[in-house]
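Each chain gets a letter, A, B and so on, in the order the sequences are listed, and its residues count up from 1.
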Protein chains: 2
Amino acid sequence: MTLTQLRYLVAIADSGLNITLAAERVHATQPGLSKQLKQLEDELGFQLFIRKGKSLDAVTHAGRHVLERARTILAEAANIRSIAANLRNEARGELRIATTHTQARFALPVAIGALAQSYPQVSVHLQPGRDTEVLAQLEAGRVDLAVISSAGAPPASGIALPAYRWHRVIVAPQDHPLVSDGQPPSLDELALLPLVSYESSLKADSSLRRAFDAADLRPQIAMTAGDADLIKTYVRAGLGVGVLAEMAMLESDTDLRTLPVDHLFPQCTTWIVLRRESVLREYVLEFITQFAPHLDRRDVVRALASDTPPTEWSAVPHWRERPAIPQADVA
Amino acid sequence: MTLTQLRYLVAIADSGLNITLAAERVHATQPGLSKQLKQLEDELGFQLFIRKGKSLDAVTHAGRHVLERARTILAEAANIRSIAANLRNEARGELRIATTHTQARFALPVAIGALAQSYPQVSVHLQPGRDTEVLAQLEAGRVDLAVISSAGAPPASGIALPAYRWHRVIVAPQDHPLVSDGQPPSLDELALLPLVSYESSLKADSSLRRAFDAADLRPQIAMTAGDADLIKTYVRAGLGVGVLAEMAMLESDTDLRTLPVDHLFPQCTTWIVLRRESVLREYVLEFITQFAPHLDRRDVVRALASDTPPTEWSAVPHWRERPAIPQADVA
DNA sequence: CGCGTTTACGTCGTTCGTAACGATA
DNA sequence: TATCGTTACGAACGACGTAAACGCG
């Protein structure tokens with residue numbers, strides 16, 4: 001068993017059991033991977049994949065277990081390399097972030113911009129997806145950190161650090177009756193209007209959905225879309241009133257009116273989620289403290305070391321009231 | 001970075017920074033290890049060890065972190081090999097147990113004997129030590145499981161499974177006044193007698209010590225010894241009355257009288273402690289269910305999978321009332 | 001017939017052990 | 001001078017890439 005074999009193994013698994021594709025990704029040739037896989041299977045004495053004819057069809061039951069272990073081995077090997085890179089102040093590297101569209105589009109740009117300033121040699125990769133996909137990416141070690149939101153408790157997997165809190169807002173065209181009446185809307189009013197919101201708000205465990213359920217109301221979701229830009233577009237088109245994250249409203253959206261609905265829907269928290277036991281590159285810490293300035297470097301490191309993160313964090317700021325981003329101070 | 005390099009690295013660390021000794025242990029030559037170590041350091045870009053002249057003097061700060069990671073990598077690699085060995089019903093292997101003298105001498109023999117019966121090809125290695133040493137051995141991956149006792153909560157590190165409960169007993173020569181009076185002794189009485197007990201009972205956090213402290217008594221420890229056989233010997237010699245674990249009293253100790261003192265000292269629990277995330281060989285599971293027959297195979301596996309073991313276990317038997325050891329039923 | 005895997009083969013790099021050298025107490 | 005680590009060198013092994021063969025849709 002060698003690290004190379006394990007690296008090839010997970011590459012194959014991560015490439016949908018396509019050895020050729022996996023070979024490209026690890027910058028090696030396809031026969032090389034085939035052979036190493038075969039050798040590994042020979043050494044272990046059982047098949048890691050089920051073959052259908054010549055091609056790989058599925059992962060064996062035992063193979064799944066081996067894959068799991070192999071991933072943590074590779075993650076730890078990467079950790080060792082991170083220790084080394086940090087120690088010699090290596091400025092190059094990658095920052096791989098899995099996150100949802102709203103975060104990527106409205107919350108992350110400033111912090112990523114600041115990072116690109118301090119660490120021009122670091123290349124950033126944004127991996128979009130739904131909450132569960134995002135966490136899966138993190139668990140599989142395909143990204144360095146995940147940024148996701150939840151209405152209540154932090155995600156169970158990984159180490160979650162609260163970045164900021166936020167509320168939903170209602171968005172409507174300027175001439176919409178809801179706007180002109182000047183009063184904050186009630187749940188009952190909203191339930192009568194055609195709504196435009198995220199796809200995720202249809203899920204039973206969405207906090208939007210649950211707020212309506214609790215009042216025994218059935219909102220009329222006229223349309224759902226994957227991202228806030230689409231929602232705004234269709235609100236402009238008169239399809240209905242939008243329900244979206246406050247971060248999604250920009251200065252330039254002058255043709256839309258925004259109504260706070262803090263009283264109707266629970267507050268949400270955006271979390272930075274890290275893999276347990278992971279060693280962060282210097283610039284990742286930098287990024288985290290840029291994105292969530294209330295977090296102290298030491299707190300982050302401490303949370304990573306203990307495998308149960310603190311459940312209570314002091315003073316997680318609201319989106320609108322986040323502290324000014326501290327000037328990067330890097331050699 | 002290769003698995004071999006990491007294996008050599010921890011071998012060197014575990015051999016007290018003596019490369020020659022480490023080389024013997026891994027069945028390789030000393031120049032081989034020297035070179036691999038050098039290559040690893042070159043790749044990482046920093047020294048893992050501090051040199052004094054030519055010999056290794058200490059582990060670097062960063063080296064300690066790397067060592068930690070390297071150990072989990074090797075442990076996971078061993079896990080993969082365990083999966084493989086289990087799958088092909090490999091009957092050979094090693095069972096490395098770190099434990100205290102009392103367990104090794106009085107509690108473990110039956111279960112180990114049974115194991116040797118079912119798996120004659122498995123070689124058993126007992127690694128004696130004090131509680132903290134035993135747990136360190138486990139954490140460092142030098143043993144497969146640890147068996148230790150505590151008066152209250154299970155040890156914090158690793159996954160602890162309760163094996164059985166037990167009490168201390170008082171042991172005295174047949175003609176001792178304590179015996180002839182027929183009454184169970186009180187704490188006050190004991191505090192007046194010269195006692196012979198384990199070295200560990202001197203420690204401030206020993207449950208024996210705390211029982212006396214709670215009653216504001218200062219017992220007179222006439223002698224301490226590392227193991228129960230010594231204690232019994234000196235009790236026979238008239239040095240005082242013994243305080244030891246009930247398991248240590250054998251049928252053959254007819255010249256000594258045993259007095260229960262369940263009412264004076266708290267009940268103790270003996271735990272089987274496993275490393276988190278470890279994959280057990282089939283025979284290790286077999287051993288565990290032999291030693292602690294009330295534990296179900298599935299419970300053990302489940303406790304290992306979840307990284308927080310159940311705090312409450314149903315029906316942990318007392319030493320004297322342990323269920324009959326089930327007959328091994330192995331192909 | 002294209003796509004993907006396996007087999008075959010030659011080359012190159014690496015590891016390993018032996019042996020000699022160097023430093024340290 | 002004995003012990004331990006480094007350097008040097010040659011042999012063997014192993015990994016990798018190219019090229020060709022094989023199966024499958």
Side-chain angles (χ1 to χ4, degrees), chain A residues 1-60 63 66-67 70 73-74 77 80-81 84, chain B residues 1-60 63 66-67 70 73-74 77 80-81 84:
Chain A
M1 190 185 333
T2 65
L3 283 180
T4 313
Q5 287 171 348
L6 298 180
R7 199 162 56 94
Y8 288 177
L9 172 64
V10 316
I12 292 172
D14 285 353
S15 307
L17 310 192
N18 181 329
I19 301 186
T20 309
L21 176 56
E24 285 173 21
R25 292 195 183 169
V26 299
H27 306 293
T29 62
Q30 180 272 323
L33 270 74
S34 271
K35 193 158 193 189
Q36 291 300 318
L37 174 62
K38 194 172 163 54
Q39 286 196 6
L40 181 58
E41 287 181 327
D42 284 351
E43 178 181 340
L44 296 182
F46 63 90
Q47 302 267 106
L48 291 164
F49 298 102
I50 298 167
R51 266 75 168 179
K52 183 189 245 171
K54 284 208 166 185
S55 33
L56 308 186
D57 189 47
V59 184
T60 308
V66 173
L67 263 168
I73 289 179
L74 294 177
I80 290 178
R81 277 185 265 266
Chain B
M1 189 184 334
T2 65
L3 282 181
T4 312
Q5 288 171 347
L6 298 179
R7 200 162 57 92
Y8 289 177
L9 172 64
V10 316
I12 293 172
D14 284 353
S15 307
L17 311 193
N18 181 329
I19 301 186
T20 308
L21 176 57
E24 286 173 22
R25 292 196 183 169
V26 299
H27 306 293
T29 60
Q30 179 273 322
L33 269 75
S34 272
K35 192 158 193 188
Q36 290 302 317
L37 174 61
K38 194 172 163 54
Q39 286 195 7
L40 181 58
E41 287 182 327
D42 285 352
E43 179 181 341
L44 296 181
F46 62 92
Q47 303 265 107
L48 291 164
F49 297 101
I50 298 169
R51 266 73 168 181
K52 182 189 246 170
K54 285 210 163 182
S55 32
L56 308 186
D57 188 47
V59 184
T60 310
V66 173
L67 262 167
I73 289 178
L74 295 178
I80 291 179
R81 276 184 266 266

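Atom CG in A:Leu3 sits about 16 Å away from atom P in C:dT14, given to the nearest Å. Protein atom CD of A:Gln36 is 10 Å distant from nucleotide atom P of D:dG17, rounded to whole Å. A straight line from CD of B:Glu41 to P of D:dG5 spans 13 Å, rounded to a whole angstrom. Per the geometry, CG belonging to A:Leu33 stands 15 Å off P belonging to C:dT7, to the nearest Å. Between the CD atom of B:Gln39 and the C1' atom of C:dC16 there is a distance of 12 Å, given to the nearest Å. Rounded to an integer number of Å, the gap from B:Glu43 CD to C:dT15 P is 10 Å.
For the pair A:Ile80 and B:Ala70, the tightest heavy-atom approach, listed with the atom from each and the gap, is CD1-N, 4.2 Å. Counting all heavy atoms, side chain and backbone alike, A:Phe49 lies closest to A:Thr60 at N-OG1, 3.4 Å. Between A:Ile19 and A:Ser34 the shortest heavy-atom distance is CD1-OG, 3.7 Å. Between B:Ala23 and B:Thr29, the closest heavy-atom pair is CB-C, 3.6 Å. Of all non-hydrogen atoms in B:Leu74 and B:Leu3, the two that sit nearest each other are CD2-O, 4.2 Å.
Applying the salt bridge (charged side-chain N to carboxylate O under 4.0 Å, His left out) definition to pairs two or more places apart or across chains, those involving residues 25-42 of chain A are A:Glu41-A:Arg51.
Across all strands shown, A:Phe49 has no heavy atoms under 4.0 Å from either base or sugar-phosphate atoms.
Checking the phosphate oxygens (OP1, OP2) of D:dC16, a side-chain nitrogen or oxygen of A:Tyr8 falls inside 4.0 Å.
Annotation: salt bridge (charged side-chain N to carboxylate O under 4.0 Å, His left out) contacts of A:Glu24 (sequence neighbours excluded): none. For A:Asn18, the side chain to side chain donor-acceptor pair (under 3.5 Å) test picks out no residue, with sequence neighbours left out. Residues meeting the salt bridge (charged side-chain N to carboxylate O under 4.0 Å, His left out) test with A:Arg7, sequence neighbours left out: none.
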Distances for protein N/O vs nucleotides 1-6 of chain C N/O pairs under 3.5 angstrom?
from	atom 1	to	atom 2	distance (Å)
C:dT5	OP1	A:Ile19	N	2.9
C:dT5	OP2	A:Thr20	N	3.1
C:dT5	OP2	A:Thr20	OG1	2.6
C:dT5	O3'	A:Lys54	O	2.9
C:dT6	OP2	A:Ser34	OG	2.6

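Each of A:Gly53 and A:Gln5 was matched to the nucleotide of DNA chain D holding its nearest heavy atom; the match closer to the 5' end belongs to A:Gln5.
With the end axes of the helix from C:dC1-D:dG25 to C:dA25-D:dT1 each set by five pairs, the angle from one to the other reads 30° at 10° resolution.
Picking from C:dC16, C:dG17, D:dG17 the nucleotide with the shortest atom distance to the side chain of A:Thr29 gives D:dG17.
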